[in-house]
> 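One structure is given below, represented as structure tokens, and several questions about it will come after.
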Amino acid sequence: MNGVELFLLGRTLMKIGEEALPTEGLGDQPTSVRTVLIVVSDVRAHPGSAVGEIATRTGLPQSAVSAGVARLREAGAVVTEPDSRDRRRLLIRPAPEISDRVEQVRSTSIDGALAKALDTADPQRVAEIVALLEEVARHLTPQALVRLRSEDVQ
């Protein structure tokens with residue numbers, strides 16, 4: 001596998017992940033699932049950040065970050081509070097308790113979306129692929145990205 005193939009695999013896995021997320025009861029949302037996931041992953045890695053800081057780190061426009069934060073706040077995934085040093089800025093943190101919506105998202109299985117992407121109805125085949133993905137996930141944690149970025153700096 002080369003870098004291009006790995007990148008394309010990552011995009012495919014991302015799309016399957018988006019497909020697996022529950023969307024019932026959300027209605028039309030102006031912010032993409034991908035944007036919301038990028039924002040929440042940044043907030044988890046950098047709690048207490050402002051919208052501008054998240055935009056700088058993620059490369060998303062501030063308007064997209066603001067919309068993602070609004071969706072996450074509505075879902076109970078994050079809380080915001082004024083910055084004590086600059087009351088015009090809001091600081092975003094993960095919510096102290098897991099909301100029902102966050103619990104629903106976290107507990108939703110990828111099996112259906114994965115079976116559809118694999119074009120199979122064989123639950124054993126899906127389980128095998130899920131096990132392989134879990135193995136990769138155990139080795140490629142978010143810390144792997146930190147290691148990649150730290151090597152870029154050297």
Side-chain angles (χ1 to χ4, degrees), residues 1-114 116-117 129-130 133-154:
M1 177 174 276
N2 62 41
V4 172
E5 292 166 330
L6 181 61
F7 177 83
L8 294 174
L9 173 61
R11 282 188 46 88
T12 300
L13 291 172
M14 183 175 58
K15 297 275 188 188
I16 294 168
E18 289 175 7
E19 179 71 23
L21 293 172
T23 57
E24 307 82 44
L26 291 182
D28 288 339
Q29 298 291 323
T31 309
S32 75
V33 170
R34 184 174 308 133
T35 296
V36 172
L37 292 173
I38 291 169
V39 170
V40 76
S41 67
D42 188 84
V43 169
R44 289 179 71 184
H46 306 280
S49 294
V51 167
E53 295 163 340
I54 297 168
T56 298
R57 283 191 298 267
T58 63
L60 294 170
Q62 284 195 12
S63 59
V65 172
S66 293
V69 168
R71 271 186 73 182
L72 290 164
R73 192 174 45 229
E74 185 179 308
V78 300
V79 294
T80 59
E81 61 191 19
D83 184 342
S84 61
R85 294 171 292 167
D86 182 350
R87 305 295 272 167
R88 296 169 296 176
R89 291 175 11 125
L90 284 180
L91 301 179
I92 303 118
R93 299 183 192 291
E97 296 189 22
I98 298 173
S99 71
D100 291 342
R101 175 67 184 156
V102 171
E103 184 59 41
Q104 177 193 17
V105 169
R106 288 182 180 175
S107 65
T108 300
S109 168
I110 66 168
D111 292 11
L114 193 54
K116 183 176 176 183
I129 300 297
V130 168
L133 290 170
E134 288 170 343
E135 178 69 16
V136 170
R138 274 193 293 280
H139 295 282
L140 295 179
T141 64
Q143 187 61 32
L145 296 177
V146 172
R147 288 190 298 271
L148 278 176
R149 289 185 190 123
S150 68
E151 289 179 14
D152 289 342
V153 175
Q154 296 177 5

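Both backbone and side-chain heavy atoms feed into the values below; hydrogens, waters and symmetry mates do not. Computed from a prediction, not measured in an experiment: that's the story for all the values here.
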> For a side-chain contact (heavy atoms from CB on, under 4.5 Å) check, start with the C-alpha distance between M1 and L9, then their side-chain angles and the critical distance, and finish with the verdict.
CA-CA 10 Å; M1 177 174 276; L9 173 61; 4.0 Å; yes
> Quick check: do I92 and V51 have side-chain heavy atoms less than 4.5 Å from each other?
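Sidechains of V51 and I92: in contact.
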> What pair of heavy atoms forms the shortest contact from A113 to E19, and how long is it?
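Taking every non-hydrogen atom into account, CB-CG, 3.8 Å.
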> Using side-chain heavy atoms (C-beta onward) and a distance below 4.5 Å, is V39 in contact with T58?
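Contact flag for V39/T58 side chains = no.
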> Between R71 and V33, which heavy-atom pair has the shortest distance, and what is it?
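Scanning both residues, the minimum pair turns out to be NH1-N, 4.2 Å.
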> Could you check whether any side-chain N or O of T108 sits under 3.5 Å from a backbone N or O of L21, counting only pairs where one atom can act as donor and the other as acceptor?
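Side chain of T108 to backbone of L21: no pair is present.
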> Does atom CG of D100 have more than 12 heavy-atom neighbours from other groups under 6.0 Å away?
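Counting other residues, nucleotides and ligands, CG of D100 stays at 12 neighbours or fewer.
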> Looking at every non-hydrogen atom in both residues, tell me the closest pair between G48 and L91 and how far apart they are.
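Answer, listing the atom of G48 first, then L91: O-CD2, 3.4 Å.
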> Do R138 and E135 pass the salt bridge (Lys or Arg N to Asp or Glu O under 4.0 Å) test, and can you show the C-alpha distance, the side-chain angles, and the key distance before you say yes or no?
CA-CA 5 Å; R138 274 193 293 280; E135 178 69 16; 2.5 Å; yes
> If you compare all heavy atoms of R57 against all heavy atoms of S49, which two are closest, and at what distance to 0.1 Å?
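Scanning both residues completely, I find the closest heavy atoms to be NH2-OG, 2.6 Å.
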> Would you say that K15 contacts R34 through its side chain, given a criterion of any heavy-atom pair below 4.5 Å between the two side chains?
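Answer yes - side chains close enough.
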> Can you tell me how far apart CZ (R73) and OG1 (T80) are? Round to the nearest 0.5 Å.
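One gets 4.5 Å once the value is rounded to the nearest 0.5 Å.
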> Do V130 and I110 have side chains that approach each other closer than 4.5 Å (heavy atoms only, starting at C-beta)?
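Of all side-chain heavy-atom pairs linking I110 with V130, at least one is under 4.5 Å.
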> Taking all non-hydrogen atoms of both residues into account, name the closest pair between A77 and V102 and its distance.
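Result for this residue pair: CB-CG2, 3.5 Å.
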> Under 4.5 Å between any side-chain heavy atoms of L13 and L133, yes or no?
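Yes; the side chains approach each other to less than 4.5 Å.
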> Using a strict threshold of under 4.0 Å (side-chain N to carboxylate O), is an ion pair present between E53 and R89?
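Result for this pair is yes, salt bridge flagged.
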> Under the side-chain contact (heavy atoms from CB on, under 4.5 Å) criterion, do V36 and L72 qualify, and how do the steps go?
CA-CA 7 Å; V36 172; L72 290 164; 3.5 Å; yes
> For the residue pair P82 and R87, what are the closest heavy atoms and their distance?
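For P82 versus R87, the nearest heavy atoms are CB-NH1, 3.7 Å.
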